[in-house]
Amino acid sequence: MYIYKKEDLEIFIKNTTKKALEIKNFDQAMKYALKTTTDYYTDTQMSFAEKRGKRISFISGYGKESFKPVEINTLVDKYVLLLQNIDNVNKDEKEKVVNMFKLIVQNR
């Protein structure tokens, strides 16, 4: 497994997206993307969930629980990405990461 430096964000996103799309099982692909992303952004927590009406049903997640407010990002109508303790990541970087997850979900 390659250890990424923070300046390697574009390479990280490209490699993570490629590998996640190669994994045939959707849940396993999302777990891979979540795990590698929380390894890249230590001290964060990311979860993947399904929206069911007004409720959100947890599917999988990784990272360190911080008991801070959760940021909810809609990936598609049905799925959301929950980010916690991501305040230290700048807005552009965060948007790239969310877009990576959107791409993975949309290509399923």
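Heads up: numbering here begins at 1 and tracks the sequence.
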- request: Using the side chain to side chain contact (heavy atoms under 4.5 Å, CB included) rule, take T37 and Y62 through it: C-alpha gap first, then chi angles, then the decisive distance, then the call.
  value: CA-CA 9 Å; T37 306; Y62 284 94; over 6 Å; no

- request: Taking all heavy atoms of I72 and all of I56, pick out the closest pair and write down the distance.
  value: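 For I72 versus I56, the nearest heavy atoms are CD1-CD1, 3.9 Å.
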
task: For residues A20 and A29, report the shortest heavy-atom separation together with the two atoms involved.
output: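 Result for this residue pair: O-CB, 3.2 Å.
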
- request: For the pair F12 and Y40, name the ring-plane relationship: parallel under 30°, tilted 30 to 60°, perpendicular over 60°.
  value: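 Rings of F12 and Y40: parallel, as their planes differ by under 30°.
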
With rounding to the nearest 0.5 Å, note down the distance linking [atom1] in [X] to [atom2] in [Y].
X: E71; Y: Q84; atom1: CD; atom2: CD; value: 11.0 Å
X: N107; Y: L103; atom1: CG; atom2: CG; value: 5.0 Å
X: N88; Y: D43; atom1: CG; atom2: CG; value: 8.0 Å
X: L9; Y: T16; atom1: CG; atom2: OG1; value: 9.5 Å
X: I13; Y: N99; atom1: CD1; atom2: CG; value: 8.5 Å
X: T17; Y: F101; atom1: OG1; atom2: CZ; value: 8.5 Å

field: Criterion side chain to side chain contact (heavy atoms under 4.5 Å, CB included) on V89 and L83, from CA distance to verdict
entry: CA-CA 11 Å; V89 178; L83 305 174; over 6 Å; no

Joint cluster assignment, [X] & [Y], ILVMFWY side-chain distance < 4.5 Å:
X: F48; Y: V76; answer: yes
X: L75; Y: I59; answer: yes
X: L34; Y: L82; answer: no

- prompt: With no hydrogens and no angle check, is any side-chain donor or acceptor of R108 less than 3.5 Å from a backbone partner on K24?
  reply: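 Judged by distance alone, yes, a pair lies under 3.5 Å.
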
query: Between N25 and Q28, is there a donor-acceptor pair closer than 3.5 Å when you use the side chain of the first and the backbone of the second?
result: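 Yes; judged by distance alone, with no hydrogens or angles, the pair exists.
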
I'd like to check [X] versus [Y] (side-chain heavy atoms, cut-off strictly below 4.5 Å). Are they in contact?
X: V105; Y: M30; result: yes
X: K102; Y: N73; result: no
X: Y41; Y: E93; result: yes

- prompt: Would the number of heavy atoms belonging to other residues, nucleotides or ligands and lying under 6.0 Å from CG of D77 be above 12?
  reply: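 Atom CG in D77 is not packed in, count stays at 12 or less.
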
query: Would you call D27 and K31 a salt bridge, taking side-chain N to carboxylate O under 4.0 Å as the test?
result: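 No, D27 and K31 are not salt-bridged.
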
query: Should the pair E22-K18 be classified as a salt bridge under the 4.0 Å nitrogen-to-oxygen rule?
result: yes

Criterion side chain to side chain contact (heavy atoms under 4.5 Å, CB included) on K64 and N85, from CA distance to verdict: CA-CA 9 Å; K64 184 177 179 181; N85 199 29; over 6 Å; no

